[in-house]
Every structure is written in C-alpha cells, then in structure tokens.
Student: 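Here it is, the structure, as structure tokens.
Counting begins at 1 with the first residue of the sequence.
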Amino acid sequence: METRLSTGIGGLDDVLHGGLAKGFLYLVEGSPGAGKTTLALQFLIAGAKKGERGLYISLAESDAELRHVAASHGMDLRNVEICKISPPEIAGDAGKQYTVFQPAEVELSDVLETILAKVREINPSRIIIDSMSELRMLARDSLRYRRQVLSLKQFFEGRDCTILLLDERFGDHQENQVQTIAHGVLCMEVLSRTYGVTRRRLQVMKIRASSFREGYHDYVIVKGGVVVFPRLVSGEHRAASVMSENLPSGVKELDELFNGGVQRGTSTLIVGPAGCGKSTMCTQFVLQAAMRGENTAIFTFDETRQSFRVRSRGLGDGSGSVSRKGADPS
C-alpha cells in the first residue's frame with residue numbers, strides 16, 4: 001500500500017487526496033512572495049512531529065532568515081537541519097583550480113557534491129532544496145542543467161526520502177526542465193487586483209500515478225503558515241434524498257406563496273428595488289433554519305456585521321443568533 005505523507009497543510013492534503021506519496025521528488029514553483037518557503041517549512045515540521053529528520057538546503061536565504069520566517073509563524077524547527085550553501089564562495093575556491101574545464105562545470109559540480117555529502121551525513125526523510133534557480137544560473141546551459149537534475153534524482157532513488165524542489169516562476173515564463181523530471185508539480189501564484197488584498201491560488205499541475213483535486217485552489221498566508229481552501233464541487237455536496245423537502249420562512253402568507261416554502265437543494269433569486277425587503281425576507285428563512293437547529297450562514301458585501309445585526313434587531317427578527325459570515329469591502 002502506498003504511503004502518503006502529510007504536507008502539514010490540511011487543505012493541501014485534501015487537494016492531494018491524502019498528501020504526497022513517499023519517496024519521490026516534487027517541484028514547487030511560484031512567484032516571489034507566493035509562500036514557497038513557508039509551505040516547505042510546514043512540510044518539514046509535519047515530518048518532525050512524527051520523528052522524521054528534515055533537511056532544508058538553502059542556496060539563497062541564510063540560516064538566520066529561515067529561522068526568522070519560522071519564528072514569525074511560531075514554528076518549532078527541532079529535528080530540522082538547515083544547511084546554507086553559498087555558490088559564490090565555492091566558486092571562489094574552485095576558481096584557483098580551473099584548467100581546461102569551464103567554470104560552470106566546476107561550480108555546479110561542487111555545489112551538487114556538497115548537497116549530496118550533507119544528505120549522506122544526515123540521512124533525512126524529508127528534504128527541501130531552495131532554490132533551483134540558483135542551480136540553473138550556475139549551469140548556464142539548459143542541457144547541463146537538465147543532466148544535473150537527472151543525476152540528482154537518480155541519487156535519491158532508493159534512499160526512502162521525499163524531496164521538494166523550490167523554484168521561482170516569473171510571469172508567464174515556465175521552465176519545463178524540472179517539470180518533466182519531477183514526480184509531481186505544484187504551482188503557486190500571486191495575483192494582483194485593482195482593489196482589495198492580493199489573491200493567492202495554487203494548482204497541482206501533475207502527480208504521477210495518483211489522483212488529485214484539479215483546478216485552482218485559493219490560499220492565504222497567516223500566522224502559523226499557509227492555509228489552503230480546496231475548490232468546491234457542487235456535485236460532491238448534494239443529497240438527493242431530501243430534494244423534496246420544503247423549508248418555510250415562518251411567515252404564513254409568504255410560505256403560502258411558496259406553496260410551503262423554498263425547496264431544499266435549490267437556488268432562489270430575490271429581486272427588487274432598494275428598501276423593498278429583500279434582506280429581511282432572506283433573513284426570515286435563515287432564522288427559521290437556525291431555530292430548527294440547522295447550520296446557517298449569511299454572506300454580505302454591502303454592509304458590516306454590526307450594521308446588519310442592528311438593523312435585524314430593529315425588525316425584531318432575533319437574527320443575533322444566526323451565524324453570519326461577511327466580506328467587508330474595506
């Protein structure tokens with residue numbers, strides 16, 4: 001039976017139908033600020049909580065920077081090893097030995113050998129390599145870069161460890177060298193909007209020999225890490241057995257117009273000019289459902305939670321007991 005590893009993010013595990021298959025190499029790509037580092041740290045910490053050793057190999061950020069990110073989210077990095085490799089320093093030492101070899105060949109080989117030596121020393125179960133863009137610059141050639149990534153993948157085969165390769169993605173530029181080699185690809189995007197906060201979404205591009213929830217899934221970065229909201233599929237939430245049930249509003253005359261109430265499982269559009277009572281009518285239905293012990297929710301975009309409650313209390317419908325979720329336009 002295939003072993004699944006939790007990513008440490010509940011919503012992402014749901015998208016992946018249980019997590020990542022153990023023992024494979026995955027690519028996580030995204031634009032700056034998408035949250036790749038935070039996601040990677042959550043993945044390592046999820047393993048550390050189960051006693052698994054984690055290794056974070058950084059080619060860009062320092063040990064202090066990574067620990068600062070972890071501290072800002074309240075993450076515990078015990079049982080997680082951070083290894084900082086500085087290509088410029090390695091290139092400086094290797095430069096004294098250059099003969100007939102190209103500098104790129106020497107620099108890249110030295111960096112990869114340092115990575116492999118660290119893996120042999122620690123023998124971790126989960127590994128992060130951040131970021132592949134640094135290796136790409138050292139390779140200076142797409143063919144050499146692909147060859148080195150293949151050798152990296154071959155090294156990890158049979159070592160019973162799971163690897164996440166982090167890579168930068170700028171705009172529409174897509175580097176498919178690693179995408180074709182990796183067992184799975186996860187893409188994280190940051191979308192700028194004219195108004196409101198920045199929107200972030202992710203998509204699983206591929207996972208070999210495994211099903212997953214396709215499409216885009218929104219996510220946010222909060223204190224504690226990345227939180228993913230899996231895309232909802234209406235067909236997964238329908239209960240055909242209760243489609244014939246009517247839901248009354250509690251207003252006798254209104255329920256008579258609806259022939260007993262609105263039918264469960266359907267959508268009803270209430271249209272009318274401002275002040276005609278659309279919100280009040282809808283609140284009646286929600287209130288009656290809450291009084292029957294059902295979970296209810298009201299989503300508003302034009303007024304705040306406080307103003308909605310004050311107005312409802314003024315009508316005497318007692319909607320203060322109703323669970324309300326709203327989007328504040330500010």
Side-chain angles (χ1 to χ4, degrees), residues 20-21 23-37 39-40 43 55-61 83-120 127-159 161-191 201-210 212:
L20 296 173
F24 296 102
L25 183 146
Y26 299 90
L27 172 65
V28 179
E29 60 178 16
S31 53
K36 300 184 297 297
T37 299
L39 182 148
F43 176 70
L55 173 61
Y56 196 112
I57 298 174
S58 174
L59 301 173
E61 297 183 83
C83 175
K84 175 68 173 74
I85 299 177
S86 301
E89 296 178 2
I90 296 175
D93 294 336
K96 302 174 184 179
Q97 304 173 10
Y98 290 162
T99 54
V100 296
F101 297 102
Q102 290 291 332
E105 296 179 5
V106 179
E107 294 167 9
L108 183 59
S109 296
D110 286 347
V111 170
L112 290 175
E113 185 54 42
T114 304
I115 292 174
L116 302 186
K118 197 67 179 179
V119 172
R120 295 188 190 97
I127 302 172
I128 304 296
I129 299 180
D130 180 15
S131 71
M132 298 305 292
S133 60
E134 302 296 329
L135 294 179
R136 189 184 301 109
M137 286 188 293
L138 284 176
R140 305 179 189 177
D141 177 84
S142 59
L143 179 59
R144 183 181 295 112
Y145 175 62
R146 181 180 178 84
R147 187 181 300 137
Q148 293 293 351
V149 173
L150 276 171
S151 66
L152 193 66
K153 180 181 180 180
Q154 291 170 359
F155 169 81
F156 286 115
E157 290 178 357
R159 299 191 70 88
C161 60
T162 307
I163 309 97
L164 295 188
L165 305 179
L166 308 189
D167 200 3
E168 300 292 338
R169 180 175 182 174
F170 298 95
D172 296 330
H173 172 71
Q174 297 185 28
E175 172 61 64
N176 58 14
Q177 296 289 345
V178 186
Q179 287 185 358
T180 57
I181 295 173
H183 185 77
V185 179
L186 173 65
C187 180
M188 307 175 73
E189 297 182 11
V190 179
L191 304 176
R201 66 181 186 179
L202 62 82
Q203 179 184 22
V204 180
M205 304 294 290
K206 76 167 188 179
I207 298 286
R208 288 175 179 153
S210 177
F212 55 86

Student: Is Lys118 reaching over with its side chain to a backbone N or O of Cys83, donor-acceptor style, under 3.5 angstrom?
Tutor: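 No.
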Student: Set out, in order, the CA-CA distance, both residues' side-chain angles and the distance that settles side chain to side chain contact (heavy atoms under 4.5 Å, CB included) for Val28 and Phe43, then state yes or no.
Tutor: CA-CA 12 Å; Val28 179; Phe43 176 70; over 6 Å; no
Student: Could you go through Tyr26 and Thr162, starting from their C-alpha distance and side-chain angles, then the distance that decides it, and tell me whether this counts as side chain to side chain contact (heavy atoms under 4.5 Å, CB included)?
Tutor: CA-CA 8 Å; Tyr26 299 90; Thr162 307; 3.8 Å; yes
Student: Not counting sequence neighbours, which residues clear ring-ring contact (aromatic ring centres under 6.0 Å, His included) with Phe24? List them please.
Tutor: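 So Phe24 forms a ring-ring contact (aromatic ring centres under 6.0 Å, His included) with His183.
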Student: Which atoms form the tightest heavy-atom contact between Met132 and Val178, and what is the distance?
Tutor: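 Reported closest heavy-atom pair: CE-CG2, 4.5 Å.
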Student: For the atom pair CG (Leu135) and CG (Leu112), what is the distance rounded to the nearest 0.5 Å?
Tutor: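 So the CG of Leu135 and the CG of Leu112 are separated by 6.0 Å.
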Student: About how many Å separate OG1 of Thr114 and CD1 of Ile57, when rounded to the nearest 0.5 Å?
Tutor: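 It is 9.5 Å, given to the nearest 0.5 Å.
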Student: Can we say Lys36 and Glu168 salt-bridge, meaning some charged N sits less than 4.0 Å from an Asp/Glu carboxylate O?
Tutor: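 Yes.
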Student: When rounded to the nearest 0.5 angstrom, what distance separates CD in Gln179 from CG in Asp167?
Tutor: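 Output value for this atom pair is 9.0 Å.
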Student: Given side chains that start at C-beta, do those of Gln148 and Ser109 come closer than 4.5 Å, heavy atoms only?
Tutor: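 Counting from C-beta outward, Gln148 and Ser109 do come under 4.5 Å.
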Student: Mind checking side-chain contact (heavy atoms from CB on, under 4.5 Å) for Ala40 and listing every partner two or more places apart, or none if nothing turns up?
Tutor: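 With sequence neighbours excluded, Ala40 shows a side-chain contact (heavy atoms from CB on, under 4.5 Å) to Tyr56, Ile128, Leu166, given in chain and number order.
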Student: List the steps, then state whether side chain to side chain contact (heavy atoms under 4.5 Å, CB included) holds for Leu39 with Met188.
Tutor: CA-CA 10 Å; Leu39 182 148; Met188 307 175 73; 4.1 Å; yes
Student: Got Glu29 and Leu186 here, is their nearest side-chain heavy-atom distance under 4.5 Å?
Tutor: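 Heavy-atom side-chain distance check fails, nothing below 4.5 Å.
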Student: Say you draw a straight line from CG of Leu138 to CZ of Arg144; how long is it, rounded to the nearest 0.5 Å?
Tutor: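 Interatomic distance, Leu138 CG to Arg144 CZ, rounded to 0.5 Å: 10.5 Å.
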Student: Would you give the length of the straight line joining atom CG of Asp130 to atom CG of Leu165, rounded to the nearest 0.5 angstrom?
Tutor: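 The distance works out to 10.0 Å.
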Student: Supply the atom-to-atom distance Ile127 CD1 to Leu164 CG, rounded to the nearest 0.5 angstrom.
Tutor: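 If I round to the nearest 0.5 Å, the distance is 10.0 Å.
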Student: Do you know the tightest heavy-atom contact between Pro32 and Arg169?
Tutor: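 Shortest heavy-atom separation between Pro32 and Arg169 comes out as CD-O, 4.3 Å.
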Student: Quick one, Ser58 and Ile85 - any side-chain contact, counting heavy atoms below 4.5 Å?
Tutor: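 Result no, sub-4.5 Å side-chain heavy-atom pair not found.
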Student: What residues, two or more places apart in sequence or in another chain, satisfy side-chain contact (heavy atoms from CB on, under 4.5 Å) together with Glu189?
Tutor: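 Per chain and number, Glu189 pairs via side-chain contact (heavy atoms from CB on, under 4.5 Å) with Cys187, Leu191, Arg201, Tyr216.
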Student: With sequence neighbours excluded, tell me which residues meet side-chain contact (heavy atoms from CB on, under 4.5 Å) with Ser210.
Tutor: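 Partners of Ser210 by the side-chain contact (heavy atoms from CB on, under 4.5 Å) criterion, ordered by chain and then number, come out as Arg4, Ile207.
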Student: Applying side chain to side chain donor-acceptor pair (under 3.5 Å), can you list everything that pairs with Ser131, at least two apart in sequence or on another chain?
Tutor: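 Here the qualifying residues are Ser133.
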Student: Quick one: does any side-chain atom of Lys206 pair with a main-chain N or O of Ala182 as donor and acceptor, under 3.5 Å?
Tutor: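 Looks like yes, one N/O pair under 3.5 Å.
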Student: Can you list the residues that meet the side-chain contact (heavy atoms from CB on, under 4.5 Å) rule with Arg159, with sequence neighbours excluded?
Tutor: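 With sequence neighbours excluded, Arg159 shows a side-chain contact (heavy atoms from CB on, under 4.5 Å) to Val119, Arg120, Asn123, Phe155, Phe156, Cys161, given in chain and number order.
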